[in-house]
Amino acid sequence: MWLGVIGVAVFAITLPMTRLATGTADAPQLSPWFVTLGRAALAGLLSMVFLLATRSALPAQRHWRPLAIAILGNVIGYPVLLAYALRSVHASHAAVVTALLPLTTAACAAWLLHQRARLGFWVCATVGSALVLIFSWIRAPAGSSGFAWADALLVAAVLAASVGYIYGARITGELGAERVICWVCVGALPITLPGALWLWPSHPVAVSSWVGLVYLGTFSMWIGFFAWYRGLALGGALRVSQTQLLQPFLSIVAAVPLLGEPIDVVTLAFACAVVATVVAGKRLSQARPTAALASAP
């Protein structure tokens with residue numbers, strides 16, 4: 001559980017750091033695709049050093065499918081969708097939508113790892129999703145159809161992250177948490193490194209944006225997963241994913257000094273409401289996560 005908390009604390013700052021790196025639609029800095037590929041390339045180079053230093057063996061053939069899905073979900077899908085969304089919405093706004101991560105991660109665990117959950121869990125998941133839809137509708141820009149396109153990107157990002165988390169956790173018991181994220185990042189290097197070099201910005205970029213990118217590549221994309229995958233493997237995805245309850249509040253608080261965003265009462269209220277549905281959903285879930293992870297093919 002403590003490993004999960006450490007991972008979540010690292011991931012929580014991802015939202016304000018991503019907005020810091022990309023800038024806004026009115027004042028863009030680094031492009032969302034460059035941030036996605038650049039952070040992954042940095043993590044991939046660090047991972048290569050780690051794997052060589054520890055003389056890690058190549059993953060077995062059966063490991064590459066989960067690794068590939070984790071690459072698509074955690075290296076490409078979540079970062080690029082999040083980066084595009086955060087050009088249009090505040091980090092605190094994104095924190096409310098991404099508060100669904102525990103429910104979607106648990107739902108993916110139930111579906112993909114055949115972990116059982118009671119009907120009450122799915123009811124809570126539906127209520128939590130409805131709260132996010134209501135929040136998105138309330139905060140939609142004037143003149144829009146009722147929902148901001150950025151919210152759809154955030155929901156897609158949450159789903160991508162959840163699938164990546166689960167498939168990474170499936171092989172953590174065999175490879176070890178550190179090696180899973182390292183092989184995920186190294187496996188993506190043939191795409192991320194050339195892509196980052198090709199998209200290297202030719203215009204001046206604020207130092208704060210580069211700092212944001214370095215944080216994303218070193219902590220959000222690499223070190224945070226050391227703790228997160230290990231926690232998921234030891235405690236089970238359904239149980240340890242509840243530590244993500246802290247993430248929206250940490251993101252909202254971190255956005256105050258990093259981005260100057262005020263703590264909005266409505267945003268905080270919806271974050272509490274979504275987290276309440278997650279708490280209820282966790283209590284209503286029935287699972288044997290450790291056994292399910294161990295028996296997963």
Side-chain angles (χ1 to χ4, degrees), residues 3-24 29-44 46 70-71 73-102 104-105 150-151 153-165 168 181 184-185 188 192 208-229 231-232 241 243-259 261 267 271 275:
L3 288 170
V5 169
I6 292 171
V8 164
V10 172
F11 297 148
I13 307 178
T14 298
L15 297 181
M17 284 297 186
T18 299
R19 186 171 172 89
L20 200 64
T22 62
T24 65
Q29 292 294 324
L30 299 170
S31 74
W33 270 110
F34 175 74
V35 170
T36 298
L37 298 176
R39 63 182 263 176
L42 175 56
L46 292 171
I71 289 172
N74 297 133
V75 177
I76 304 297
Y78 178 75
V80 73
L81 292 167
L82 185 68
Y84 273 108
L86 282 170
R87 275 199 165 178
S88 302
V89 297
H90 289 164
S92 55
H93 178 109
V96 175
V97 180
T98 55
L100 286 174
L101 258 173
T104 56
T105 302
D151 290 314
L153 294 177
L154 289 170
V155 171
V158 165
L159 293 173
S162 296
V163 173
Y165 288 160
I181 187 55
V184 165
C185 294
T192 58
S208 59
S209 296
W210 288 113
V211 171
L213 179 64
V214 171
Y215 179 91
L216 294 172
T218 305
F219 292 93
S220 300
M221 192 74 249
W222 196 55
I223 292 176
F225 280 98
F226 278 42
W228 181 243
Y229 278 154
L232 287 177
S241 61
T243 59
Q244 290 172 313
L245 298 174
L246 298 171
Q247 188 161 329
F249 303 108
L250 293 175
S251 294
I252 291 170
V253 170
V256 176
L258 290 173
L259 302 173
E261 295 181 8
T267 299
V275 167

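Nearest heavy-atom pair, Pro16 versus Ala255, reported as atom, atom and distance to 0.1 Å: CB-CA, 4.2 Å. Closest approach of Leu81 and Ala157 over heavy atoms only: CD1-N, 3.6 Å. The nearest pair of heavy atoms linking Ala91 to Leu15 is O-CD1, 3.8 Å. Ala95 and Ile252 get closest at one heavy-atom pair: CB-CG1, 3.9 Å. Pairing each heavy atom of Ala70 with each of Gly168, the nearest pair is CB-N, 4.5 Å. Contact detail for Gly217 and Ala43: the closest heavy-atom pair is O-CB, 3.4 Å.
Distance OG/Ser88 to CG/Leu153: 8.0 Å, rounded to 0.5 Å. Considering CZ of Arg87 and CD of Gln29, their distance stands at 8.5 Å, rounded to 0.5 Å. Separating the OH atom in Tyr215 from the CD1 atom in Ile223 is a distance of 9.0 Å, to the nearest 0.5 Å. Rounding to the nearest 0.5 Å places CE of Met17 at 12.5 Å from OG1 of Thr22. Within the model, atoms CZ of Arg39 and CZ of Phe34 stand 13.0 Å from one another, a figure rounded to the nearest 0.5 Å. We find the OG1-CE distance between Thr36 and Met221 to be 10.0 Å, quoted to the nearest 0.5 Å.
Take Ser220 and apply the side chain to side chain donor-acceptor pair (under 3.5 Å) test, not counting sequence neighbours, and it matches Thr14.
Residues Arg19 and Thr24 have side chains in contact (heavy-atom distance under 4.5 Å, counting atoms from C-beta outward). Using a 4.5 Å heavy-atom threshold, the side chains of His93 and Asp151 count as touching. Taking the side chain as every heavy atom from C-beta outward, Trp210 and Leu30 approach each other to under 4.5 Å.
Put simply, the side chain of Ser251 never gets that close to the backbone of Ile13: no donor and acceptor are under 3.5 Å apart.
A donor-acceptor pair shorter than 3.5 Å can be found between the side chains of Glu261 and Ser92.
In summary, the aromatic rings of Phe11 and Phe219 are positioned with their centroids too far apart to meet the 6.0 Å limit.
Partner of Leu216 under the side-chain contact (heavy atoms from CB on, under 4.5 Å) criterion, chosen from Val211, Leu82, Thr18: Thr18. None of Leu20, Val35, Leu42 except one satisfies the side-chain contact (heavy atoms from CB on, under 4.5 Å) rule with Leu213; the exception is Val35.
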**OP:** Please assess Val89 against Leu154 for the test side chain to side chain contact (heavy atoms under 4.5 Å, CB included), listing each intermediate value before the final yes or no.
**Re:** CA-CA 10 Å; Val89 297; Leu154 289 170; 4.2 Å; yes
**OP:** Test side chain to side chain contact (heavy atoms under 4.5 Å, CB included) on Asn74 and Phe225 and set out the steps.
**Re:** CA-CA 10 Å; Asn74 297 133; Phe225 280 98; 4.2 Å; yes
